[in-house]
Amino acid sequence: MGQEPSVCEERVYNQIYRTHAEGLRNYLYYKFGDMQRAEDIVHDSFVKLWNKCSSVVYDRVTGFLYKIARNLMIDNLRNKKVALKFEKGLVHVQENEDPYFKLRTKEFRSKLESVISNLPEKQREAFLMNRIDQLTYKEIALRLEVSETAIEKRISKALIKLNSITEIKDFSI
């Protein structure tokens with residue numbers, strides 16, 4: 001019986017990152033609906049792992065990462081009001097585009113992100129696994145340990161809600 005690898009070894013740590021970073025990011029995105037925050041939290045989670053590497057058992061590193069990431073995301077959401085006030089103060093300048101087009105595009109994108117992030121967790125998770133990871137209904141059902149019919153219903157309901165924003169009659173490109 002060999003000795004368990006140390007999370008503090010750079011080679012082991014890098015392998016853990018390569019193995020878990022993308023899945024952790026997707027988990028956070030599917031759970032909370034914000035890709036940028038998910039990516040930031042993944043990086044923060046791996047920094048915490050490195051800082052605590054001597055106390056983390058190799059066989060439990062996955063659970064440690066997911067727990068840290070989930071807690072960081074919840075903390076981040078608690079501070080969301082401050083971030084939103086800051087974001088509203090930012091001005092984005094782009095040249096050579098019709099201001100009306102930019103405004104409508106921004107409104108549409110905002111509505112789309114809002115609808116996706118406000119989907120019930122199970123619908124958002126199934127929908128994003130299908131659309132982003134391009135998993136089949138069967139693959140999603142296996143991963144989530146539910147029936148294929150349940151996945152079909154979740155994605156169908158998500159599409160109905162998303163369809164409500166695409167039927168904006170005065171949106172013209």
Exercise. Apply side-chain hydrogen bond (donor to acceptor under 3.5 Å, both in side chains) to the pair N130 and Q134, showing each step before the final yes or no.
Key: CA-CA 5 Å; N130 178 253; Q134 298 182 346; over 6 Å; no
Self-check item: Y30 and E121, any side-chain heavy atoms less than 4.5 Å apart
Solution: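 E121 vs Y30: side chains apart.
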Quiz item: Can you tell if the side chain of T149 reaches within under 4.5 Å of the side chain of Y137, non-hydrogen atoms only?
Solution: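 The answer is no, as the side chains (C-beta and beyond) never meet within the 4.5 Å cut-off.
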Same cluster for [X] and [Y] if Ile/Leu/Val/Met/Phe/Trp/Tyr side chains link at under 4.5 Å?
X: L24; Y: L49; result: yes
X: I68; Y: V56; result: yes
X: L119; Y: F108; result: no

Do you know which two heavy atoms are closest between [X] and [Y], and how far apart they sit?
X: V12; Y: P5; value: CG2-CB, 4.0 Å
X: I155; Y: A126; value: CD1-O, 3.7 Å
X: R70; Y: Y27; value: CD-OH, 3.8 Å
X: A69; Y: I41; value: O-CG2, 3.4 Å
X: C8; Y: S54; value: SG-N, 3.2 Å

Exercise. Evaluate side chain to side chain contact (heavy atoms under 4.5 Å, CB included) for F127 paired with K157, printing each intermediate quantity in order.
Key: CA-CA 9 Å; F127 175 77; K157 287 180 180 181; over 6 Å; no
[atom1]/[X]: more than 12 non-hydrogen atoms of other groups inside 6.0 Å:
X: R18; atom1: CZ; value: yes
X: E148; atom1: CD; value: yes
X: K161; atom1: NZ; value: yes

Check for a donor-acceptor pair, side chain of [X] on one end and backbone N or O of [Y] on the other, with a separation under 3.5 Å.
X: E139; Y: T136; value: yes
X: N14; Y: E10; value: yes
X: R25; Y: E39; value: no
X: S110; Y: K106; value: no
X: N163; Y: L159; value: no

[atom1]/[X] to [atom2]/[Y] distance, rounded to the nearest 0.5 angstrom?
X: Y29; Y: Q36; atom1: OH; atom2: CD; value: 11.5 Å
X: D44; Y: R37; atom1: CG; atom2: CZ; value: 12.5 Å
X: K48; Y: K67; atom1: NZ; atom2: NZ; value: 12.5 Å
X: L162; Y: Q123; atom1: CG; atom2: CD; value: 9.5 Å
X: L28; Y: L72; atom1: CG; atom2: CG; value: 9.0 Å

Quiz item: Residues two or more places apart in sequence or in another chain: which of them pass side chain to side chain contact (heavy atoms under 4.5 Å, CB included) with L144?
Solution: E125, M129, I140, V146, I151, R154
Exercise. With sequence neighbours excluded, give me every ring pair (Phe, Tyr, Trp, His ring centres under 6.0 Å) pair touching residues 3-24.
Key: Y13-W50, Y17-F46
Practice problem: Step by step, work out the side-chain hydrogen bond (donor to acceptor under 3.5 Å, both in side chains) result for Q15 and T19. | Solution: CA-CA 6 Å; Q15 181 59 41; T19 303; 3.0 Å; yes
Exercise. With side chain to side chain contact (heavy atoms under 4.5 Å, CB included) as the test, would you mind laying out the steps for I16 and Y58 before giving the verdict?
Key: CA-CA 9 Å; I16 292 168; Y58 179 78; 4.1 Å; yes
